[in-house]
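Keep in mind that this is a model prediction, so the values were computed, not measured.
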Amino acid sequence: MDDAIASLSSSPNGYDVTAAADAFWTPQAANDDQGSDQHDLVALAQAVRSSTMPRLVDAAVAGRPRGKFLLDTSVWRRIPVLARFALASALPRGASDLLGCSTIRYYDDQMFVKEPGAVDRAAFHQDISYFNLDGEAGCVFWIPLDRVVEGGGRMGYVPGSHRWDSIYKPNIFVSALPFPGSEGADMPRIDTDPAAYGVNYIDVEPGDVIVHHFRTIHGSEGNRGSASRRAFSLRYCDAALRFRLRPGAPLQPLHKQGMADGDPLDDAMHPVAWPSNDDARHERHTA
């Protein structure tokens with residue numbers, strides 16, 4: 001995580017979300033792309049300024065400095081130790097067991113850092129809406145590196161929502177505002193009344209792992225605490241899934257470009273993680 005944060009400025013997907021949101025919700029403010037090209041920040045600012053949907057923030061703590069909400073995608077491409085963990089840990093086999101799929105690909109990851117006083121919330125959303133995949137057989141392992149309790153940036157889930165009929169539009173993360181041009185239904189305004197949807201917020205300790213389905217609706221608190229909330233989110237899917245462009249889903253600069261609907265996923269960008277190479281060699285030897 002330290003290496004990922006230190007090299008954030010070299011990522012085409014890395015953002016200070018707090019700084020971007022400050023610009024979005026400030027009329028006539030300039031939109032610094034922060035050296036990244038995943039998002040068209042000018043277009044997002046225009047969408048924000050023409051909408052009445054608010055920025056989602058928790059109340060700041062008096063006297064506490066304002067922290068940053070940092071986000072990055074495809075961190076494994078530049079941090080070798082994360083790549084080894086993603087491909088060689090127990091997680092790929094766990095994904096196979098949970099999904100009932102014999103072969104599992106590593107789809108991608110994200111890094112989320114909410115410094116103390118980073119009170120931007122993450123709006124409730126489904127991960128599948130952000131993925132250019134033709135199916136939904138996938139799961140996300142959310143792994144905290146810090147203790148997270150009430151008010152510190154906990155993850156909240158809508159139980160059973162992976163069985164709801166709808167795929168919802170992806171949102172711009174710190175607001176329920178959908179990405180321009182996105183497809184799907186409008187997400188219910190869960191943020192306005194989480195209790196009505198049975199949202200379950202989860203306290204965690206370092207070493208805990210939370211797992212959710214690609215369709216599970218979830219969001220997170222702002223961090224009103226005095227310690228950072230750092231986490232990696234690792235995504236796995238059925239290796240048989242193929243590419244499907246989802247209108248409005250964010251660009252993924254580190255994925256293979258120029259793919260057409262129905263193309264198989266690229267093995268270099270989305271490697272098969274289960275069975276592992278060692279297991280495959282063992283099976284061939286014992287056969």
H39-F179 aromatic ring centre distance below 6.0 Å: yes

R246-S129 side chain donor-acceptor pair, cut-off 3.5 Å: no

Salt bridge (Lys or Arg N to Asp or Glu O under 4.0 Å) partners of residues 31-50, not counting sequence neighbours, each pair once: none

Steps toward side chain to side chain contact (heavy atoms under 4.5 Å, CB included) verdict (Y236, W274): CA-CA 10 Å; Y236 298 87; W274 183 261; over 6 Å; no

Between Y106 and W76, ring centroids under 6.0 Å: yes

Pairs involving residues 89-118, ordered by first then second residue, that meet salt bridge (Lys or Arg N to Asp or Glu O under 4.0 Å) (sequence neighbours left out): R105-D267

Members besides V57 in its Ile/Leu/Val/Met/Phe/Trp/Tyr cluster (side-chain heavy atoms under 4.5 Å): V119

ILVMFWY cluster membership beyond M187 - transitive side-chain contacts under 4.5 angstrom: F124, V158, W164, Y168, I190, Y197, V199, Y201, I217

Salt bridge (Lys or Arg N to Asp or Glu O under 4.0 Å) contacts touching residues 5-25 (sequence neighbours left out): D22-R55, D22-R66

Stepwise side chain to side chain contact (heavy atoms under 4.5 Å, CB included) check, L133 with F214: CA-CA 11 Å; L133 292 170; F214 277 178; 3.8 Å; yes

Non-neighbouring partners of H125 that pass ring-ring contact (aromatic ring centres under 6.0 Å, His included), sequence neighbours left out: Y130, F173, H218

Verify same cluster id: I5, L234 (apolar side-chain graph, 4.5 Å): yes

Note: D58-R121 ion pair, threshold 4.0 Å (strictly below): yes

Close side-chain approach of V17 and V174, heavy atoms under 4.5 Å: yes

